[in-house]
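To start, the structure itself, in structure tokens.
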Number of protein chains: 2
Amino acid sequence: MNTPRERIIDTASLLFHQQGYNSTGINQIISEANVAKASFYQHFKSKDDLCVAFLNARHGYWFSELITYVSKSKSTKKRILNAFDFIIYMNEKEGFRGCSFLNILSEISKEQGTILSVIQAHKNDLRKFFEKELGEELLSDHIYLLFESSIIESQLFKSNELVEKSKKIVNNLI
Amino acid sequence: MNTPRERIIDTASLLFHQQGYNSTGINQIISEANVAKASFYQHFKSKDDLCVAFLNARHGYWFSELITYVSKSKSTKKRILNAFDFIIYMNEKEGFRGCSFLNILSEISKEQGTILSVIQAHKNDLRKFFEKELGEELLSDHIYLLFESSIIESQLFKSNELVEKSKKIVNNLI
DNA sequence: AACTGAACAGACAAGTCTGTCTATTTATTC
DNA sequence: GAATAAATAGACAGACTTGTCTGTTCAGTT
């Protein structure tokens with residue numbers, strides 16, 4: 001049944017995604033993860049510390065899934081279009097809850113600089129991913145921006161309509 | 001010194017923007033607005049009710065400012081570029097706090113459907129704004145998506161770099 | 001069989017939150 | 001000047017929050 005640490009992160013992933021970071025309490029996390037409170041604070045020194053651990057885990061999971069999706073094709077163009085299909089896949093899998101990183105970005109204050117830099121690092125990696133695929137920086141940033149808004153707009157409207165439209169735009173662009 | 005209702009909405013605007021919706025309590029709002037708690041609940045039946053009122057007020061303010069900015073030019077192209085300059089202006093004015101509507105989107109749960117529809121209505125109006133300016137739907141949605149990500153990325157990186165890049169992209173696009 | 005480290009349960013402190021309530025004061029209108 | 005409406009202050013209920021703490025149980029190792 002996994003280690004307590006894993007159970008905590010798995011449960012937190014689910015709850016942060018479903019309810020948001022600030023609306024999810026430690027008590028609910030440990031209760032649903034079947035972990036004692038003392039055990040929680042043995043692994044994480046604070047809730048923010050858990051948040052960083054969660055974002056790191058999410059980063060690893062999310063990118064490996066993206067790479068899996070992209071690797072289905074060989075041509076750059078198809079690979080990029082696959083990335084947008086990955087958004088649709090994730091939306092359907094996770095119920096249009098958007099990007100964990102951007103959701104938490106909206107919830108943190110100036111004092112939580114550590115969390116902010118984890119979010120920035122994640123997005124920088126995504127930006128680099130498109131740059132490596134495409135070479136040209138202006139084009140890759142263009143597609144990065146469309147990718148980002150595709151995630152957000154599908155969360156907002158609980159629909160893949162604008163993801164599909166982005167695919168059409170990107171298809172004409174490359 | 002304004003009416004209590006106005007003082008509440010003004011204070012809430014500031015605090016929701018600075019600290020987020022869930023992190024801002026009623027007590028802080030009424031204290032900083034110099035309003036009694038009973039007065040607050042005479043004007044708003046709940047915190048979510050205040051949220052809706054705030055978003056409506058924000059909608060009015062934000063759009064009127066956008067229109068002012070856009071109206072400085074006559075050609076469609078220049079007007080669209082002005083809209084991106086408006087993002088830069090707001091970022092500098094408000095300290096890269098991003099979009100009130102999207103920030104609250106990240107904080108609400110499924111039960112808060114009323115708030116969600118106010119956010120969706122705002123973004124639909126923005127989408128229509130670009131459609132009216134540009135006519136072509138694919139192009140106007142393309143620019144709408146770049147506009148949205150420009151706001152978010154500048155909030156994320158506390159910088160106007162990607163807004164400027166979007167301007168360059170849009171300049172080549174129209 | 002004794003030791004060790006990690007997990008367990010759960011009480012507790014100190015503070016937060018929303019929303020309700022009573023009771024008093026101020027301002028406006030008839 | 002009396003009546004009405006809207007503001008005030010602030011106590012209170014009840015539930016929540018994070019983090020600390022005590023003490024117990026259990027598995028693995030020597």
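Letters go in sequence order (proteins before strands), and every chain restarts at 1. Atom set for the values below is all heavy atoms of this structure, side chains included, hydrogens, waters and symmetry mates excluded.
We find that CD of Q42(B) is positioned 13 Å from C1' of dT20(C), with the value rounded to whole Å. Separating the CZ atom of F40(A) from the C1' atom of dT18(D) is a distance of 9 Å, rounded to the nearest angstrom. Following rounding to the nearest Å, I30(A) (CD1) and dA11(C) (P) show an atom-to-atom distance of 12 Å. As a whole-Å value, the separation of H43(B) NE2 from dG19(C) P is 16 Å. Separating the CG atom of N34(B) from the P atom of dT8(D) is a distance of 8 Å, rounded to the nearest angstrom. In this structure, the CD1 atom of I29(B) is 14 Å from the C1' atom of dT16(C), given to the nearest Å. Rounded to whole Å, the distance from NZ on K45(A) to P on dG19(D) is 10 Å. As rounded to whole Å, 18 Å separates atom C1' of dA15(D) from atom CD1 of I26(A).
By the rule that hydrophobic residues join a cluster once side-chain heavy atoms approach within less than 4.5 Å of another member, F157(A) and L105(B) end up as members of one cluster.
Evaluation of atom-type donor-acceptor distances gives no pair under 3.5 Å for the side chain of K47(A) against the base of dG19(D).
The listed nucleotides are dG19(C), dG10(C), dT8(D); the one nearest the side chain of K37(A) is dG10(C).
Using a 4.0 Å heavy-atom cutoff across all strands shown, S31(A) reaches no nucleic acid atom at all. Counting any heavy atom pair closer than 4.0 Å across all strands shown, S23(B) reaches no nucleic acid atom.
Side-chain N/O atoms of S39(B) include none lying less than 4.0 angstrom from OP1 or OP2 on dA7(D). The side chain of R7(A) contributes no N or O atom lying less than 4.0 Å from OP1 or OP2 of dA7(C).
Proximity of a side-chain donor or acceptor of Y21(A) to a complementary backbone N or O of D48(A) within less than 3.5 Å is detected.
Residue-to-nucleotide proximity on DNA chain D shows that, of T24(A) and A38(A), the 5′-proximal contact is made by T24(A).
Ring pair H142(A)/F130(A): centre-to-centre distance not below 6.0 Å.
Minimum heavy-atom separation, R97(A) to Q155(A): O-NE2, 3.3 Å.
Among F86(B), F101(B), Y89(B), the single residue meeting the ring pair (Phe, Tyr, Trp, His ring centres under 6.0 Å) criterion with W62(B) is F86(B).
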